[in-house]
Structures are given as C-alpha cells and as structure tokens.
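Following: one structure in structure tokens, then a few remarks.
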Amino acid sequence: MNVTGEQRLLEGFSAWFAGYVAGFYTGDADHDKNIRLKEEHTGAVRANAVLIAGALGLSPRDHLLAEAIGLFHDVGRFPQYRQYRTFRDSDSVNHAALSAKVLLEENALAPLGPEERDLVVRAVTLHNVFRIPASITGRLRTHAGIARDADKLDIWRIFIDILGMSPEERPSAAGLGLVDDGECSPAVLEQLGRREMVTLDSLRSLNDFKVLQLAWIYDLNTLPALRLTRERDVIGRLAATLPRDRGIDAALAAVRTYVDERLERGG
C-alpha cells in the first residue's frame, strides 16, 4: 500500500477515531465497559473488513475504503450509549444513521473526495438494514456487503464470548433483555429451516436471538466471509449453547447445508 497515500489516510482516520472515542470514557466502570465493548468491536470489524477485501482482490483504493468503513461503521454507538444507556436501536435511535450524521458533522471524511465521502457515508448507513435494497449496485453494494459481513463476523464472536461470561462480567448493554428460559420458538426455528432471515420482533427468548444470529448466515454477501464463518465454527459454537431436540437439529442441519452448498458452487 502507498505509504504516502492510502496508509497516511488510514493513519489520520485512526487518529480521529481514537480521539473521538476517548471523549466518551467517564471513569464509571459499567459505563466504560460498554464503551470499550464497542471500541474493541470496531477494531475487530476493521480487521475483518481487511481480510475480506484482501480475499476479494480489491484495488488499493477500495481496500482503503473497506477498512475506513469498518473503522467508522459504529461511531454512532458512542453518543447513542451516552444519551440512552442502551445499544438497542428500537429503544433509542438508529445507530447507523447516527454514525453517518457524526461523520458528516465532525467532517471526519474531509481527506476524501466528494464521491468517496458519499460512498463511505452510504455504506455506513446500510450496514444495519435488514437487507441491502436491490437498487444498490456496483461499488456501493460491494462496500456495504463487506461492512455487513465484517460486522456479523465480530458480533458472533462477541455474543459467543458473552454467553460464556458470568452475569456480573457481561457488559450491561450487550444483550436485548430477552428471557433466558431455555426455550426456542417453533416459528423462529421454522424460519431458519426455510433459509429465511429472522426479524427482531419475532423473538421471545435468548435462544430465539441465537437462532436469529444463525439466520444471518443467509445474508452474508461474500464468499470470504462465509469461509471465515466456517473456519471460526460459528454454527457449532452457537449450536453448543442451544438445547438439543429434533426441531433445533433440523434447523441447524439446514443452515450447515446452505453453507456447504454455497461454498461448493463458489457463489
């Protein structure tokens, strides 16, 4: 990568991000645990975006943009948590739209030209939509897809790690407040078995949320992300936290078959 070009831009973006996030730490242990969760998540999403962009063979400039979008995708999480004390958009504000607003108001993308600034802002805005609209094509679709895949890969990591923590260790804003009753809704399992995405409003339990995250596999945009999902054993690690019965086993088999088929056909 051109040290005086793309790398210098990334160093400037990294410095801006670090300075911006530093202003949200307060010294309160619980508050700072939640801020740190999102700062660490950003670093991991950025790294995932680099892996995906590299595997896709993007140009140095598009590689830069993919990494920048990974860095900036969640900047709205910090003011969201400071104001609302939650990461749940339905109880506060759309964090992707807020991220785009922060980037524009803070002029964080000033080193880029107008076209690339617009691409970054739009990709950030699209990273949390239920699906990328069919009308989004070309370079923007590529970058929105990378951002969404990189984000999912790390959300899986965080969620699986949190499931292994004791309640007092868990960041207070990391969950959705769903009851951990050991149950799985049949309707949610049926959606997974039909290779359909699961909506938040259909969730009734923590296990339903695990199934929703498994269904995200159907929404992965890139083969590199799908390969990373298999390499990191996302399905197996989430499956290990679910009860075993015929309905759950059938739904898990469906998602595993989907991964195998898509990787075998290469698209």
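In what follows, residues are counted from 1 in the order of the sequence shown.
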### Task
Take the angle between the ring planes of W156 and W216 and call it parallel below 30°, perpendicular above 60°, tilted in between.
tilted
### Query
Aromatic rings F87 and Y81: how do their planes relate, parallel, tilted or perpendicular, breaks at 30° and 60°?
tilted
### Task
Evaluate the criterion side chain to side chain contact (heavy atoms under 4.5 Å, CB included) for residue pair N128 and R148; output intermediate values, then yes/no.
CA-CA 7 Å; N128 73 332; R148 290 165 65 85; 5.8 Å; no
### Query
Can you check whether V45's main-chain N or O pairs, donor with acceptor, with D154's side chain at less than 3.5 Å?
no
### Task
Identify the heavy atoms of F13 and A108 that sit nearest to each other, and give their distance.
CE2-O, 3.4 Å
For residues 220-230, run the donor-acceptor check on the side chains, cut-off 3.5 Å, and write out each pair with its distance to 0.1 Å, sequence neighbours left out.
residue: N221; atom: ND2; partner: D149; partner atom: OD1; Å: 3.1
residue: N221; atom: ND2; partner: D219; partner atom: O; Å: 3.4
residue: T222; atom: OG1; partner: D149; partner atom: OD2; Å: 2.8
residue: T222; atom: OG1; partner: A225; partner atom: N; Å: 3.3
residue: T229; atom: OG1; partner: A225; partner atom: O; Å: 2.9
residue: R230; atom: NH2; partner: D260; partner atom: OD1; Å: 2.5

### Query
Can you hop from L206 to L203 via hydrophobic side chains spaced under 4.5 Å?
yes
### Task
Go through V188 and L212 one step at a time and tell me if the side chain to side chain contact (heavy atoms under 4.5 Å, CB included) criterion holds.
CA-CA 8 Å; V188 169; L212 175 146; 5.8 Å; no
### Query
Within a strict 4.5 Å, meaning less than it, do heavy atoms of the V75 and T42 side chains meet?
no
### Message
Has D28 got a side-chain atom pairing as donor or acceptor with H31's backbone, closer than 3.5 angstrom?
### Response
yes
### Message
Can you confirm whether R265 is buried at CZ, in the sense that more than 12 heavy atoms of other residues, nucleotides or ligands lie under 6.0 Å from that atom?
### Response
yes
### Query
In the single-linkage hydrophobic clustering (I, L, V, M, F, W, Y; side-chain heavy atoms under 4.5 Å), do M197 and L252 co-cluster?
yes
### Worked verdict on I146 versus I69 for side chain to side chain contact (heavy atoms under 4.5 Å, CB included)
CA-CA 9 Å; I146 292 171; I69 293 163; over 6 Å; no
### Query
E39 and Y25: side-chain donor and acceptor closer than 3.5 Å?
yes
### Task
List the steps and the verdict of side chain to side chain contact (heavy atoms under 4.5 Å, CB included) for D32 and F24.
CA-CA 8 Å; D32 288 357; F24 290 89; over 6 Å; no
### Query
Step by step, would you call R139 with E116 a salt bridge (charged side-chain N to carboxylate O under 4.0 Å, His left out)?
CA-CA 10 Å; R139 200 180 186 193; E116 290 182 338; 3.8 Å; yes
### Query
Taking the side chain from N48 and the backbone from A150, do they hold a donor-acceptor pair closer than 3.5 Å?
yes
### Query
Given the rule that I, L, V, M, F, W and Y join up when any side-chain heavy atoms are under 4.5 Å apart, are L56 and V50 in one cluster?
no
### Query
Within the side chain of S205, is there an N or O that forms a donor-acceptor pair under 3.5 Å with the backbone of E183?
yes
### Task
Compare every heavy atom of L98 with every heavy atom of G76, then report the nearest pair and how far apart it is.
O-CD2, 3.2 Å
### Heavy-atom pair of closest approach, residues I136 and R141
O-NH1, 2.8 Å
### Query
Within a reach of under 6.0 Å around CD of E115, are more than 12 heavy atoms found that belong to other residues, nucleotides or ligands?
no
#### Entry: Expected output: side-chain N34 to main-chain D30 donor-acceptor under 3.5 Å
yes
### Message
When you compare the side chains of T86 and D91, does any donor N or O come within less than 3.5 Å of an acceptor on the partner?
### Response
no
### Message
Can a donor-acceptor pair be found, under 3.5 Å and without considering hydrogens, that links the side chain of H143 to the backbone of L140?
### Response
no
### Message
In this structure, is the centre-to-centre distance between the rings of H95 and H127 below 6.0 Å?
### Response
yes
### Query
Is any side-chain heavy atom of L153 less than 4.5 Å from a side-chain heavy atom of I52?
yes
### Query
Is there a donor-acceptor pair under 3.5 Å between the side chain of S59 and the backbone N or O of D62?
yes
### Task
Side-chain contact test, heavy atoms from C-beta onward, threshold under 4.5 Å: evaluate it for K38 versus F78 and give yes or no.
yes
### Query
Is a side-chain donor or acceptor of Q80 paired with a backbone partner of V93 at a separation under 3.5 angstrom?
yes
### Message
Please give me the minimum heavy-atom distance between P111 and L9, naming the atom from each residue.
### Response
CB-CD2, 3.2 Å
### Query
Closest approach of A254 and G193, non-hydrogen atoms and distance?
CB-O, 3.7 Å
### Check: K210 side chain, T241 main-chain N or O, donor-acceptor pair, under 3.5 Å
yes
### Donor on one side chain, acceptor on other, S90 and R88, under 3.5 Å
yes
### Query
Step by step, would you call R195 with E261 a salt bridge (charged side-chain N to carboxylate O under 4.0 Å, His left out)?
CA-CA 13 Å; R195 300 184 177 184; E261 289 176 352; 3.0 Å; yes
### Task
State, to 0.1 Å, how close P243 and I248 come at their nearest heavy-atom pair, and which atoms those are.
O-CD1, 3.1 Å
### Query
Is F159 reachable from V179 through a run of I, L, V, M, F, W or Y residues, each pair having side-chain heavy atoms under 4.5 Å apart?
no
### Query
Are S14 and R46 linked by a side-chain donor-acceptor pair shorter than 3.5 Å?
yes
### Message
Please determine whether residues L189 and L200 belong to a single hydrophobic cluster, defined as Ile, Leu, Val, Met, Phe, Trp and Tyr linked transitively by side-chain heavy-atom distances below 4.5 Å.
### Response
yes
### Query
Got a donor-acceptor contact below 3.5 angstrom from the Y258 side chain to the A253 backbone?
no
